[in-house]
Structures are given as C-alpha cells and as structure tokens.
Amino acid sequence: MGIFKKWASHRQHHNPKAESQKQPDDHDTKLSNQLESNLQLIRSRLGSSSDIVIRQLSNRVHLHFALIYVDGLVDTPTVNQMIAEISKLSELEPTPTDINDFYQFLKQQAIAVGGLKEALKLDEIYRALFNGMTVILLDGCCIALTADTVGGNIRGVEEPSSQTVIRGPKEGFTENLRINTALIRRKIKSPELRIDVKIIGTTTQTNVAVIYLDGVANDQVVAEIHERLAAINTDSILESGYIEEFIEDSPYSTFPTIMNTERPDAAAAGILEGQVVIIVEGTPFVLLAPVTFFKFFQSSEDYYQRYDIASFLRLIRFGSFIISMLLPSLYIAITTFHQEMLPTTLLIGLAAQREGVPFPALIEALLMELTFEVLREAGVRMPRVIGPAISIVGALVLGQAAVQAGLVSGAMVIVVSFTAISNFVIPAINMAIAARLIRFSLMILGATLGLFGIMSCLMVLLIHMASLRSFGIPYLMPIAPLVKQNLKDTFVRAPWWKMNTRPNLISKNSVREGPNQQPEPPRPKSES
C-alpha cells in the first residue's frame with residue numbers, strides 16, 4: 001500500500017500533462033524594452049529549432065537590435081539585402097543616437113520592403129514569423145517591426161489536374177493564399193470585391209480567406225458564413241475539407257451542400273453570381289457556398305462555348321447521373337421480379353447467360369461493383385506512370401476471366417462498366433461519390449422489393465433533398481421552390497444575351513446586363 005501511495009505521489013508531481021499546463025502562456029505577453037529578455041522569451045518558446053534564425057547586430061553608437069526569421073519561409077535575398085541596408089546605417093552622418101529616433105528611422109527610411117507593421121505582443125511575433133515575416137527587435141524599445149519578406153519554394157500556377165476543360169483558362173489555384181487571392185483579383189477588378197482573412201486552428205494557425213462581392217452577395221449568407229467560421233474551435237486546419245465539414249448544413253446527408261473547385265474562373269463566376277468563396281491556405285481546392293443541387297452539373301466550359309452545345313452536354317450529365325444511380329438496381333429488379341418487362345428474345349438471351357452463374361443477381365452485381373471500386377482506388381493510389389495501365393488492364397482481364405469462369409454474366413459486366421463510365425461524366429467529384437453510395441442502397445432494395453423498393457427509395461431521396469438547405473438557400477431551387485428566372489441556367493443554358501439576371505435568392509443585386517443585348521445582323525442602308 002505504501003508503494004502504491006509513493007507511486008501515485010510520484011505520478012502527481014511528475015505528470016507531463018500537468019507540467020505542460022503549468023507552463024506560462026505568453027500569448028498575451030507584451031514585449032519589454034530589454035532586447036535580451038525578449039530574445040530569451042522567444043528562445044524558450046520556440047526551442048532550439050534549427051530553422052529559427054536570430055541575427056544580433058549593433059551600430060557604432062552602441063544601439064543593439066536583432067533580426068529573427070524562419071529559414072525556408074522567407075525570401076533569402078530580400079532578408080540579406082535588408083541586413084546589408086541596416087548595417088550601412090553606422091556610416092550615416094549624423095547617426096541617430098536616441099533609440100526612439102533610431103526606431104523611426106528604421107521604420108520610415110531604412111527598411112525597403114512593401115509591408116511593414118508594428119507588433120506589441122509575443123503572439124503577434126510568432127504569427128508573423130510563421131507567415132514568412134522578418135521580425136526586428138530593438139534594445140530599449142518595446143515595439144517590434146515585422147517586415148514582409150515572404151518567400152521560399154512555392155508551387156507556381158499550373159493547369160488544374162482534376163477539372164480540365166478543352167476551351168477556357170488553363171490556370172489553377174495553388175497552395176499559397178496570396179497567389180490564390182491575386183488570381184481572383186485579376187479576374188474581378190472591382191473595388192467592391194471583399195477579402196476577409198481569418199486565422200483558424202489553435203496549433204496550425206491557418207489563414208482562411210472569405211471572398212465575396214459587396215452589393216451582390218446576400219448579406220445574411222455572408223454573415224452566416226462568418227459566424228460559422230468563427231465558431232470553429234480546433235487545433236488544426238490542413239485542407240478545405242476540414243472547413244467544409246465544420247460549416248455544412250447537413251453533415252449526415254449524402255448530398256454535398258458546399259462545392260469545391262480548383263479553377264479561378266469557376267470561383268470568379270460564382271462570386272459574380274452572389275456566391276461566397278472560402279480559400280484555405282495550403283490547398284488548391286477552394287469552397288463555394290451557397291450552392292444548389294443543379295450547380296454540381298455545371299462546368300466552366302458550358303459558358304465558353306455555344307449555348308446549344310452546352311445545353312446538350314448538360315442534359316447528358318443529368319442522364320449520366322441517373323444512369324449511375326439506377327442502372328444496376330433496375331437490372332437486378334427486372335431480371336429478378338419483373339421479367340415480363342423484357343422482350344422475349346432478350347429474356348432468353350439473359351437466361352442463357354445466367355445459366356451457369358451460381359450467384360443471384362444481387363451478389364453478382366455487388367461482386368462486380370466492389371471489384372471496380374478496388375480497381376478505381378488502385379489506379380488513383382499507384383504511381384501515375386503505371387496507375388492507368390493497371391486499372392484498365394485489370395478491369396479487362398478480371399471482367400473477361402470472371403465471365404469465362406462463370407462467376408458473372410456478360411450482361412452484368414456491360415451494366416457495371418456503363419454505370420462506371422456514366423459516373424465519370426459528373427463534373428463534381430463529391431456529387432459523383434454521392435451517386436456511388438446511393439447506388440448500393442438501390443441495388444439492395446431492387447433485389448428485395450423490386451421496382452417498388454427502388455421507387456420508394458427515390459421518393460425518400462427526393463423528400464430529403466427538398467428539405468436540405470445550403471446556408472438558407474433551398475437545395476432544389478429553382479424547381480422547389482419554383483423560380484422562373486433561374487430556369488435559364490438549370491437543365492439547359494440560355495444564350496448570354498438572355499441571361500440578364502443573376503440567380504434569385506442567392507444574389508442581392510439581380511441585374512447582370514443591360515436590355516436589348518441580342519445580336520442582330522446589320523440593316524441594309526436605304527438607297528437615296
């Protein structure tokens with residue numbers, strides 16, 4: 001018993017968690033006017049990290065100061081140039097001898113960088129360091145200067161890999177926040193464009209930008225997005241998917257209520273229609289909200305080519321979505337319960353194919369669907385050089401071998417293959433994933449209840465979609481509720497000269513273009 005008490009006492013006095021809780025929190029600590037004291041606090045908080053560079057300097061009148069930066073996050077030539085310029089101050093005549101005069105001289109003349117701010121607290125210094133700033137501390141001054149020296153190796157603007165188009169811009173977002181905001185600024189050169197930056201994540205301190213067009217975006221939607229972002233209390237935000245799960249309206253719904261895109265032109269188009277864009281530092285995928293169900297079937301290329309071609313392709317996408325959800329379940333239900341719906345010749349052919357198959361249609365379909373999902377995932381995870389070849393060859397070899405072995409019928413291979421191809425037609429990957437998940441539920445209901453089970457599931461899905469909201473906007477708008485002016489860009493796309501209004505309920509200012517924009521051939525001049 002005494003040994004146990006001694007062990008418990010030892011645990012109480014040497015609990016690392018308790019010791020960590022006793023460490024002083026210097027986030028609200030203000031800087032002192034002693035340089036060594038400030039450097040000691042910074043060293044104790046940052047530890048002996050090899051990338052933290054502290055350069056102490058002094059001039060001929062014995063004014064001491066220090067430069068602190070994080071190697072790899074700053075532009076090294078800019079920092080070296082700044083150190084060289086500050087070192088030349090000793091050669092000036094007269095040299096400022098008072099610390100306040102020297103501070104003003106540094107702030108107004110010596111430091112030749114675009115962005116220069118003051119910092120009074122240690123947490124401001126830490127935030128500036130990890131954002132690529134260079135911090136300048138002076139002995140005898142309780143105010144620090146943070147110089148904008150952001151640099152390092154950053155991936156440049158490249159063509160989007162997941163959302164490609166034949167006609168349209170070939171630039172995509174990067175992992176750098178300022179590059180992403182600049183890409184949008186280049187497309188929307190309006191003084192009404194607002195970019196609000198927040199810091200989310202107690203440990204990662206991730207910069208998150210909220211971008212919208214003042215006077216066009218709905219004020220209630222903007223306020224709701226700001227409120228939901230401010231309510232996030234987590235230690236890390238590493239990708240925009242973190243933000244999406246924290247702020248979406250229906251987290252348990254299969255259907256996405258927030259859109260993501262890798263294309264600056266798609267983000268700019270959404271802003272011009274009244275949507276709000278959320279950019280997260282560290283990822284090229286930005287979020288757009290609010291969205292409706294029909295937005296996920298629109299591609300940027302729809303607006304870069306003629307309206308008749310765009311409308312035809314959009315109808316193909318809607319049809320492909322329905323096929324990717326229903327085709328396997330309809331095949332199972334008809335071949336199991338409703339054979340009278342098939343022509344006699346086709347029914348005899350299917351029966352002959354299934355004569356040697358030992359499994360029912362549901363097990364056969366599940367086997368093929370799961371096999372295809374495994375091949376799809378393998379193609380994504382494997383190296384790019386061999387990934388597509390392995391997935392295509394694997395699908396062909398396995399499908400042919402399964403038919404020859406009598407495990408599945410040839411018709412089932414055709415159904416599963418066409419279903420997979422139809423799923424790839426959907427532009428938004430999160431909506432394509434929703435169709436894949438719903439497909440398995442429909443297959444089970446089709447195998448147990450036939451067409452009645454499929455229709456019942458579709459009714460439940462329709463009721464569920466009608467109840468969804470995206471930041472207060474009905475998910476099935478403009479069908480439920482019916483908004484006639486929005487039908488110009490739903491199932492088909494009207495010509496640009498007819499879409500003179502923005503989507504209602506999403507934007508505050510619905511006027512997009514002037515009247516009488518329809519082009520007309522030139523009128524022949526009347527002969528005098």
Side-chain angles (χ1 to χ4, degrees), residues 72-73 75 130-132 150-188 193-201 204-212 225 229 232 234 236-248 256-273 275-291 295-296 298-304 377 379-381 383-384 387 424 426-433:
L73 298 183
D75 183 42
F130 299 133
N131 281 324
V150 180
N153 294 325
I154 302 173
R155 184 174 69 93
V157 178
E158 301 173 354
E159 183 177 358
S161 58
S162 61
Q163 299 172 344
T164 59
V165 295
I166 298 176
R167 178 179 180 179
K170 302 297 183 181
E171 58 186 6
F173 286 119
T174 70
E175 289 76 14
N176 185 269
L177 180 69
R178 280 302 164 214
I179 292 179
N180 294 341
T181 57
L183 289 173
I184 295 180
R185 275 286 185 194
R186 289 193 181 102
K187 296 185 179 300
I188 305 179
L193 187 67
R194 301 290 183 260
I195 302 178
D196 302 331
V197 177
K198 300 177 178 292
I199 298 176
I200 304 178
T204 59
Q205 296 284 301
T206 306
N207 292 316
V208 178
V210 180
I211 308 178
Y212 60 96
I225 290 178
L229 290 175
I232 297 177
T234 183
S236 61
I237 297 292
L238 299 179
E239 215 273 339
S240 57
Y242 287 47
I243 298 290
E244 182 177 358
E245 290 196 32
F246 276 114
I247 67 174
E248 62 184 347
T257 55
I258 297 178
M259 181 182 291
N260 65 78
T261 183
E262 202 180 358
R263 302 186 57 84
D265 56 330
I271 293 174
L272 292 171
E273 288 190 348
Q275 291 180 294
V276 179
V277 168
I278 302 174
I279 300 180
V280 180
E281 187 177 30
T283 176
F285 291 91
V286 308
L287 305 177
L288 286 87
V291 294
K295 283 284 185 181
F296 292 95
Q298 300 174 3
S299 173
S300 300
E301 201 171 10
D302 292 349
Y303 305 95
Y304 304 148
E377 191 68 14
V380 172
R381 304 303 168 196
R384 292 185 178 180
F424 287 128
I426 304 173
I429 185 65
N430 45 2
M431 184 58 72
I433 293 174

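The first residue of the sequence shown is numbered 1, and numbering continues consecutively from there.
- Nearest heavy atom pair, residue P264 against residue F173, reads CA-CZ, 3.4 Å.
- Of all heavy-atom pairs spanning I258 and N430, the tightest one is O-ND2, 3.6 Å.
- Distance CG/L272 to CG/L193: 9.0 Å, rounded to 0.5 Å.
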Using a 3.5 Å cut-off and no angle test, enumerate the donor-acceptor pairs between side-chain atoms of residues 236-248 and protein atoms at least two apart in sequence or in another chain.
residue : atom : partner : partner atom : Å
E239    : OE1  : G241    : N            : 2.6
E239    : OE2  : T283    : OG1          : 2.6
S240    : OG   : F285    : O            : 2.9

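- For the residue pair I195 and A209, the shortest heavy atom distance occurs at CG2-CB, 4.2 Å.
- The nearest pair of heavy atoms linking S299 to V165 is OG-CG1, 4.5 Å.
- Residue-environment remark: CZ (R167) stays at or below the threshold of 12 foreign heavy atoms within 6.0 Å.
- The closest donor-acceptor contact from the side chain of Q275 to the backbone of A289 lies at 3.5 Å or more, if one exists at all.
- For the atom pair OG1 (T181) and CG (N176), the distance works out to 8.0 Å, reported to the nearest 0.5 Å.
- Side chains of T204 and F130 form no contact here, defined as non-hydrogen atoms less than 4.5 Å apart.
- Within the 4.5 Å cutoff, the side chain of R178 has no heavy atoms near those of the V150 side chain.
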Item to complete: Before giving the answer on side chain to side chain donor-acceptor pair (under 3.5 Å), spell out for Y303 and D265 the whole-Å C-alpha distance, their side-chain angles and the decisive distance to 0.1 Å.
Response: CA-CA 11 Å; Y303 305 95; D265 56 330; over 6 Å; no
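- N207 contributes atom CG, which lies 5.5 Å from atom CD1 of I199 (distance to the nearest 0.5 angstrom).
- In this structure, the separation between CD1 on I200 and CD on E281 is 12.0 Å, given to the nearest 0.5 Å.
- Within the 3.5 Å criterion, the main-chain N or O of T174 finds a donor-acceptor partner in the side chain of N180.
- In this structure, CD1 in I166 is found 14.0 Å from OH in Y304, a value given to the nearest 0.5 Å.
- Looking at E171 and K187, a side-chain N of the basic residue comes within less than 4.0 Å of a carboxylate O on the acidic one, giving a salt bridge.
- I188 and A268 get closest at one heavy-atom pair: CD1-O, 3.7 Å.
- Contact detail for V286 and A267: the closest heavy-atom pair is CG2-CB, 4.3 Å.
- Using a 4.5 Å cut-off on side-chain heavy atoms (C-beta onward), V210 and V276 make contact.
- With a 4.5 Å cut-off on side-chain heavy atoms, L288 and K295 do not count as touching.
- Residue M431 holds its CE atom at 11.5 Å from CD1 of I429, rounded to the nearest 0.5 Å.
- In this structure, R263 contributes its side chain and S300 its backbone to no donor-acceptor pair below 3.5 Å.
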